*Asks:* 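Okay, here's the structure, questions in a sec.
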Amino acid sequence: MTKNLVIAFGGVSPEHEVSVLTAMQAIAALNDSEFNLVPLYISKSGRWYSGNTLLELENFKDLKDLEANAIPCHFTLNELGQAVLSEEKIGIFSKKRDILIYSVLTAFHGASGENGSFQGICETYNIPYTGSGVMGSSVGMDKVTAKKLCEADRIAVVEGIDFYEDEWVESEDHYINDAENIGYPLIVKPVHLGSSIGVAQAKNRDELKTAIETAFRYDAHLLVEKAVSPLMEINCSVLGTPESNRASVCERPLGKEELLSFSDKYLRDDAAKGMASADRVIPADIKPELAKSIQETSRTIFRLFNCSGLARFDFLVNKDTEQFYFNEINTIPGSFSFYLWKESGLSFPELLRKLIEISLKQHKQKNGRILSYETNLLSKKAVSGIKGLKGTK
Ligand SMILES: Nc1ncnc2c1ncn2[C@@H]1O[C@H](COP(=O)(O)OP(=O)(O)O)[C@@H](O)[C@H]1O
Ligand SMILES: [Mg+2]
């Protein structure tokens, strides 16, 4: 039977293009595999498309043109109750096609593709999909909740405050005061974004206000936290399930600017390679004990957040004291962090195969449990019972 692997990417997200790059990397890695690759591209306007034209990076230069040539599609169940990607009939020569889904490789970055919403759709249709489930994905996308959960598990996080836009408008002085009590330099960041969008450092009150106003253009919920200085960033990826997983080697990403910015990550000359092209040291040039602690902490958080498949954990390290703080989790890291796994002895195709294997295992496990009661509450007898309840309130 054909193993139709749906590669889901794009999405209504500021990281749309980054997701296209990640997906194209995965497609290239799986090109000669046993899978039949079926693209599921969500456009910037949220429309779902399929069709072979979406398998080539070349065709993404003109997104309008791309949408005009792609095939609208959606998930549905066929007459046997199996989940399919249903391609619409376009023009007189094409015909409607239902593609039986083997698994969905989620290659989104940011927003509904990574925050559990898309994962929820897959759950609803009972489709296997790679990566974390609804909870891990949604907690992972909320920097405040992620920090609070870690704190509750005694994992160090940077001191900070958070507030919503309406609260800020009401009590600006109050929040400025709280922030200044933490002390400059401060970092301002949107709670739900990635790729350093809207993140800025503030060394005084003017810069703080400007940074906050700017960040509110991207998100209604902000985090202001103490800047770790002197800063070293260390990331580590974890692969597996909550109960059985392993950590990759650590990496030390290098930024040219004070913050590792969007342009550092993606807009350099070799940007087509995505996040993997940004300068980094792998394995990180840190003491083995520090690397080990970071790897262990990453695995602890992977389990804590009920993650699955793959995730990347980013830490802020004080270079002088070597104290490290959990900064954020990426449940669908750029380029699937393949460069970390390559250094850990797993090739990119092997990594993707592993993700698919885990998705199928989790799906099988879920379906092995009792999912519904046989009794129909709405059967004649039960309904007449409810009728009998009339007037008992
Ligand atoms: N508390 C902090 N102290 C120092 N630098 C920080 C701090 N928080 C974030 N940064 C810098 O800003 C960058 C982006 O912030 P991050 O929290 O990772 O958001 P994003 O999800 O956009 O990547 C980090 O990679 C780091 O360089
Ligand atoms: Mg980050």
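Predicted model only: the values in this text are computed from it and were never measured. In listed order, ligands and their atoms are each counted from 1. The figures that follow rest on heavy atoms only: side chains count, while hydrogens, waters and symmetry mates do not.
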*Asks:* Using a strict 4.0 Å cut-off to heavy atoms of Lys143, name the atoms of ligand 1 that fall inside it.
*Replies:* 17 (O), 19 (O), 20 (P), 21 (O)

*Asks:* Heavy-atom contacts with Asn327 under 4.0 Å: which atoms of ligand 1 show up? List them by number with element.
*Replies:* 16 (P), 17 (O), 18 (O)

*Asks:* What I want to find out is whether Glu34 reaches Arg353 closely enough, with some N-O distance under 4.0 Å, to be called a salt bridge.
*Replies:* yes

*Asks:* In terms of atom number and element, which parts of ligand 1 are under 4.0 angstrom from non-hydrogen atoms of Leu231?
*Replies:* 4 (C), 5 (N)

*Asks:* Hey, does Arg280 have a side-chain heavy atom less than 4.5 Å from the side chain of Arg252?
*Replies:* no

*Asks:* Are any of the side-chain nitrogens in Glu159 or Lys226 under 4.0 Å away from the carboxylate oxygens of its partner?
*Replies:* no

*Asks:* Between Glu343 and Tyr339, is any side-chain donor less than 3.5 angstrom from a side-chain acceptor?
*Replies:* no

*Asks:* Please determine whether Glu328 has a backbone or side-chain N, O or S atom lying under 2.8 Å from the Mg ion (ligand 2).
*Replies:* yes

*Asks:* Should Val228 be counted as touching ligand 1, given the test is an N or O pair under 3.5 Å?
*Replies:* yes

*Asks:* Find all atoms of ligand 1 within a distance of less than 4.0 Å from any non-hydrogen atom belonging to Glu233, and give their numbers and elements.
*Replies:* 24 (C), 25 (O), 26 (C), 27 (O)

*Asks:* Is it true that the side chains of Thr2 and Asn4 contain a donor and an acceptor less than 3.5 Å apart?
*Replies:* no

*Asks:* Check if Leu316 has a non-hydrogen atom at a distance under 4.0 Å from any atom of ligand 1.
*Replies:* yes

*Asks:* Going by the atom numbers of ligand 1, which of them fall below 4.0 Å from some non-hydrogen atom of Leu193?
*Replies:* 21 (O)

*Asks:* Is the contact between Gln201 and ligand 1 made by the side chain, the backbone, both, or neither, using heavy atoms and a 4.0 Å cut-off?
*Replies:* neither

*Asks:* Should you measure from each heavy atom of Glu225, which atoms of ligand 1 turn up under 4.0 Å away?
*Replies:* 1 (N), 2 (C), 7 (C), 8 (N)

*Asks:* To the nearest 0.5 Å, what is the distance between CD1 on Ile71 and OG on Ser50?
*Replies:* 6.0 Å

*Asks:* Just checking, any donor-acceptor pair under 3.5 angstrom between side chains of Asn330 and His109?
*Replies:* no

